[in-house]
Amino acid sequence: MVRETSLTVEERLCQLLRHLGIERVHLAARGPMDWESFIAAHPEMISSLTLVCPGGLNVGVLGPISSRVLIFAPEQGAGTEGIRRGVANLPGATLVTLADYSVSYTTDMVAERGEVISAAMIDHLGRIDREEEETASPLEEGEGEVVGVSYRIQGFGPPLLLFPLGFAPSQWEPIVPQLAERYATITIGGTELGMAHILERRGRQAGYLGVVERLVREVQLKPGENVLEVGCGTGVLDRWLARRTAGANRIVGVDINRYLLREGTALVQKEGLEGQVELRQGNAEDIPFPDGSFDVVMSSTVMEELDADRMMAELVRVTRPGGRVGVIVRAVDMPLLPNFELSEALKAKAASARFGGVEESGCGDISLYRRFYEAGLAPVKMFPQYGVVTAADQPYMQLVQGFVLGTLNAEEAEEWRDAVARSEGDNTFFIATPYHCAAGTKPV
């Protein structure tokens, strides 16, 4: 019998559709990690594919269904030209440009441009249904879970499967009522899909946990102290810390993202940690706790995404006098280190690839250490680190490589993939990703 934890995303999707009695389905998503392998293996099951501001396009996978592909692209920002070039190589694909719009990881695309997106989707899907004589599915409204994939069915009509939309807080919610008027709209989630899956896998990945463990040692957490993690996502580090400390500390996580908190709260309950871990909605620039509420306040890879100065002030404010603050950020001023043979030119280009962006007011460089001193923390411990990511760390490794490949031309990408294949063959493959880390004490 196959263990549920060993199933691929493709296998999970096949079991979900089989459970629901669906033989052919419309898909809508953003990133490729959830659907690409499924489409590659089962193009005959795809009525259409809608992509909302994807990071890139795999023309090889999309080619067989190109005339049934609808793509929304921002008018501005990184990756936009790549999407347009990809669409040009997909005969019959439909491109809708979102005027005066740019996106980031946390952009709430459907909430901000829902009217345009829902209208274009309904028009595109309706045309395909008429051409292919698609009929309504006998699905009933309701919800459930199959092999770790949660689902909620709303409406009646041909089936439409909605995948998670990156970090978007609202996900598809703003337009589900419109879609459900014409389609059996199936919103899927759980920690086997989307960014919730990425965060959960990263939080169990040895290289990343090594970076976090060092931070925990440097803030000198003691039994009985209460801990706040700011930007907790699904709470994977909070649950890890609760187990590591055997319940000796009260741990609270706050995050602004309703989608991630919903998935994380379900995991806290599933793992029986309700008495030790609490997840709450909150903004890192306006933390919803009084001054001096916590003994230890930590944050990991969040300060890059917002106003670093405002966040730093808030971290210090909610820390009690004598308490400690610890922060990890992705280091954009340190090289990415791939452990395989590349030409010198490609090695330099790969080393300069940025694993995730930094907002204009964010922090992802050595200024982190200055900010700790300017916030009045003393003493300050400064310790840049590397976290090793291996081939076993999928889909996190896929995400890391995606950032590099997005900066390469076709010839360079081929050299990269050939080098990866060779190093995987002799079991030496890994990529080391850089972080800046700091810990400091709030004066009494």
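The figures that follow rest on heavy atoms only: side chains count, while hydrogens, waters and symmetry mates do not.
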Undergrad: Passes side chain to side chain contact (heavy atoms under 4.5 Å, CB included), Leu20 versus Ile153? Steps please.
TA: CA-CA 10 Å; Leu20 296 175; Ile153 304 171; 4.0 Å; yes
Undergrad: Take Leu267 and Glu200 through the side chain to side chain contact (heavy atoms under 4.5 Å, CB included) test and state the conclusion after the steps.
TA: CA-CA 10 Å; Leu267 287 170; Glu200 285 295 311; 3.6 Å; yes
Undergrad: Looking at Tyr208, is Arg202 sitting on its ring face, NZ or CZ under 6.0 Å from the six-membered ring centre and within 45 degrees of the normal?
TA: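 Relative to the ring axis of Tyr208, which defines the angle, Arg202 lies inside both limits.
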Undergrad: Heavy-atom distance under 4.5 Å between the side chains of Cys232 and Leu279, does that happen here?
TA: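 Yes. Closest side-chain heavy atoms under 4.5 Å.
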Undergrad: Show your working on side chain to side chain contact (heavy atoms under 4.5 Å, CB included) between Leu27 and Ile39 and close with a plain yes or no.
TA: CA-CA 10 Å; Leu27 304 182; Ile39 287 182; 4.0 Å; yes
Undergrad: Working to the nearest 0.5 Å, report the span between CD1 of Ile256 and CD of Gln281.
TA: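 Ile256 atom CD1 to Gln281 atom CD measures 7.0 Å (nearest 0.5 Å).
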Undergrad: Apply the test side chain to side chain contact (heavy atoms under 4.5 Å, CB included) to residues Leu193 and Arg12: give CA-CA distance (whole Å), side-chain angles for both, the deciding distance (0.1 Å), then the verdict.
TA: CA-CA 10 Å; Leu193 297 171; Arg12 293 177 193 277; over 6 Å; no
Undergrad: Identify the heavy atoms of Phe289 and Arg280 that sit nearest to each other, and give their distance.
TA: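 Smallest interatomic distance, heavy atoms only, reads CE2-NH1, 3.2 Å.
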Undergrad: Within the supplied structure, the quantity of interest is the number of heavy atoms (other residues, nucleotides, ligands) at a distance under 6.0 Å from Ile366 CD1; does it exceed 12?
TA: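 Open: at most 12 neighbouring heavy atoms sit under 6.0 Å from CD1 of Ile366.
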Undergrad: Check whether more than 12 heavy atoms from other residues, nucleotides or ligands sit under 6.0 Å from atom CZ of Arg204, and answer yes or no.
TA: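 Enclosed: over 12 neighbouring heavy atoms sit under 6.0 Å from CZ of Arg204.
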Undergrad: Does the Glu263 side chain pair with the main chain of Gly190, one donor and one acceptor, at a distance under 3.5 Å?
TA: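 Yes, the answer is positive, given that a donor and an acceptor are paired below the 3.5 Å cut-off.
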Undergrad: Heavy-atom distance under 4.5 Å between the side chains of Cys363 and Asp365, does that happen here?
TA: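 Contact flag for Cys363/Asp365 side chains = yes.
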Undergrad: State, to 0.1 Å, how close Tyr386 and Pro335 come at their nearest heavy-atom pair, and which atoms those are.
TA: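 Residues Tyr386 and Pro335, closest heavy atoms: OH-O, 2.8 Å.
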Undergrad: Let me confirm one number: the CG-CG distance from Leu215 to Leu209, rounded to the nearest 0.5 Å.
TA: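 Answer rounded to 0.5 Å: 12.0 Å.
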Undergrad: In this structure, which one of Val227, Val318, Val327, Val252 forms a side chain to side chain contact (heavy atoms under 4.5 Å, CB included) with Val297?
TA: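 Option passing the side chain to side chain contact (heavy atoms under 4.5 Å, CB included) with Val297: Val318.
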Undergrad: Taking all atoms of both residues into account, what is the closest heavy-atom pair of Gly63 and Leu90, and its distance?
TA: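 Scanning both residues completely, I find the closest heavy atoms to be N-CD2, 3.9 Å.
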Undergrad: Are the charged groups of Glu414 and Arg417 less than 4.0 angstrom apart, N to O?
TA: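 Judged by the 4.0 Å cut-off on N to carboxylate O distance, Glu414 and Arg417 do not form a salt bridge.
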Undergrad: Check whether any side-chain heavy atom of Gln171 sits under 4.5 Å from a side-chain heavy atom of Pro164, and report yes or no.
TA: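 Contact flag for Gln171/Pro164 side chains = yes.
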Undergrad: Report yes or no: does Glu305 contribute a side-chain atom to a donor-acceptor pair with the main-chain N or O of Glu359 at less than 3.5 Å?
TA: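 Between the backbone of Glu359 and the side chain of Glu305 there is no qualifying donor-acceptor contact (under 3.5 Å).
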Undergrad: Just by modelled atom types, is the Ser361 backbone N or O under 3.5 Å from a matching donor or acceptor in the Asp307 side chain?
TA: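 No.
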Undergrad: Does Glu412 use its side chain to pair, donor to acceptor, with the backbone of Asn409 at less than 3.5 Å?
TA: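 At least one qualifying donor-acceptor pair exists.
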Undergrad: Say whether, by atom type as modelled, one donor and one acceptor occur between the side chain of Arg68 and the main chain of Leu49 under 3.5 angstrom.
TA: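 Judged by distance alone, no pair lies under 3.5 Å.
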Undergrad: Using every non-hydrogen atom in the two residues, find where Gly364 and Glu304 come nearest and quote the distance to one decimal.
TA: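 Closest approach of Gly364 to Glu304: CA-CG, 4.3 Å.
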Undergrad: I want to check something: taking the side chain as every heavy atom from C-beta on, are Phe163 and Leu13 in contact at a cut-off of under 4.5 Å?
TA: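 Phe163 vs Leu13: side chains touch.
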Undergrad: If every non-hydrogen atom of Met121 is compared with every non-hydrogen atom of Leu70, which pair is closest and at what distance?
TA: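 Smallest interatomic distance, heavy atoms only, reads CA-CD2, 3.9 Å.
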Undergrad: Is it true that atom CZ of Arg24 has more than 12 heavy atoms of other residues, nucleotides or ligands lying nearer than 6.0 Å?
TA: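 Yes, enclosed.
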Undergrad: Distance-only, no hydrogens or angles: does the Asn257 side chain make a donor-acceptor pair with backbone N or O of Phe167 under 3.5 Å?
TA: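 Judged by distance alone, yes, a pair lies under 3.5 Å.
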Undergrad: Taking it one step at a time, do Arg239 and Glu271 satisfy salt bridge (charged side-chain N to carboxylate O under 4.0 Å, His left out)?
TA: CA-CA 9 Å; Arg239 302 189 324 271; Glu271 296 179 19; 3.1 Å; yes
Undergrad: Please answer whether the main-chain N or O of Asp426 pairs with a side-chain N or O of Thr428 as donor and acceptor at a distance below 3.5 Å.
TA: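 Not at all, since once roles are kept as given, no pair shorter than 3.5 Å links the two residues.
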Undergrad: Is there a side-chain contact between Asp393 and Phe430 (heavy atoms, below 4.5 Å)?
TA: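 No, every pair of side-chain atoms sits at 4.5 Å or beyond.
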Undergrad: Just wondering, more than 12 heavy atoms not from Glu115 lying within 6.0 Å of its CD?
TA: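 Atom CD in Glu115 is not crowded, with 12 or fewer foreign heavy atoms closer than 6.0 Å.
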Undergrad: Counting only heavy atoms from other residues, nucleotides and ligands, does the tally under 6.0 Å from CD of Glu23 exceed 12?
TA: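 No, the 6.0 Å shell around CD holds no more than 12 heavy atoms from other groups.
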Undergrad: Donor-acceptor check, side chain of Thr433 to backbone of Gly387, threshold 3.5 angstrom: yes or no?
TA: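 Side chain of Thr433 to backbone of Gly387: a pair is present.
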Undergrad: Would you indicate whether the side-chain heavy atoms of Val110 and Ser170 approach each other to under 4.5 Å?
TA: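 With C-beta onward as the side chain, the pair stays apart.
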Undergrad: Roughly how far, to the nearest 0.5 Å, is CD1 of Ile287 from CG of Leu315?
TA: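 Rounded to the nearest 0.5 Å, the CG-CD1 separation comes to 5.0 Å.
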Undergrad: Judged by atom type as modelled, is there a donor-acceptor pair below 3.5 Å linking the side chain of Arg201 to the main-chain atoms of Gln394?
TA: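 Checked: pair present.
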Undergrad: Counting heavy atoms not belonging to Glu140, are there more than 12 under 6.0 Å from its CD?
TA: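 No.
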Undergrad: I'd like to check Glu192 versus Leu7 (side-chain heavy atoms, cut-off strictly below 4.5 Å). Are they in contact?
TA: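 No; the side chains remain at least 4.5 Å from each other.
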Undergrad: For the atom pair CG (Asp286) and CE (Met311), what is the distance rounded to the nearest 0.5 Å?
TA: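 One gets 13.0 Å once the value is rounded to the nearest 0.5 Å.
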Undergrad: What pair of heavy atoms forms the shortest contact from Thr301 to Tyr435, and how long is it?
TA: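 For Thr301 and Tyr435, the tightest heavy-atom pair comes out as CG2-CE2, 4.0 Å.
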Undergrad: Evaluate whether atom CD of Glu411 has more than 12 neighbouring non-hydrogen atoms of other residues, nucleotides or ligands under 6.0 angstrom away.
TA: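 Not buried by this count: 12 neighbours or fewer within 6.0 Å.
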Undergrad: Hey, does the Lys NZ or Arg CZ of Arg113 hover above the aromatic six-ring of Phe72, less than 6.0 Å from the centre and inside 45° of the axis?
TA: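 No, Arg113 and Phe72 do not form such a contact.
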Undergrad: Could you walk me through whether Arg310 and Glu314 pass the salt bridge (charged side-chain N to carboxylate O under 4.0 Å, His left out) check?
TA: CA-CA 6 Å; Arg310 290 178 62 181; Glu314 282 292 278; over 6 Å; no
Undergrad: Report yes if some heavy atom in the side chain of Leu17 is under 4.5 Å from a heavy atom in the side chain of Phe38; otherwise report no.
TA: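 Leu17 vs Phe38: side chains touch.
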Undergrad: Just do the salt bridge (charged side-chain N to carboxylate O under 4.0 Å, His left out) check on Glu344 and Lys347 with the steps written out, would you?
TA: CA-CA 5 Å; Glu344 289 302 316; Lys347 185 183 299 183; 3.6 Å; yes
Undergrad: Let me see the working for His26 and Ser47 under side-chain hydrogen bond (donor to acceptor under 3.5 Å, both in side chains), right down to the final yes or no.
TA: CA-CA 5 Å; His26 294 287; Ser47 295; 4.5 Å; no
Undergrad: I need the Glu181 CD to Ser118 OG distance, nearest 0.5 Å.
TA: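 Going from CD on Glu181 over to OG on Ser118, the span is 9.5 Å.
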Undergrad: Report the distance from atom CD1 of Ile188 to atom CH2 of Trp172, rounding to the nearest 0.5 Å.
TA: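 If I round to the nearest 0.5 Å, the distance is 11.0 Å.
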Undergrad: Is there a donor-acceptor pair closer than 3.5 Å between any side-chain N or O of Glu36 and the backbone N or O of Val61?
TA: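 No, because the side chain of Glu36 does not come within donor-acceptor range (under 3.5 Å) of the backbone of Val61.
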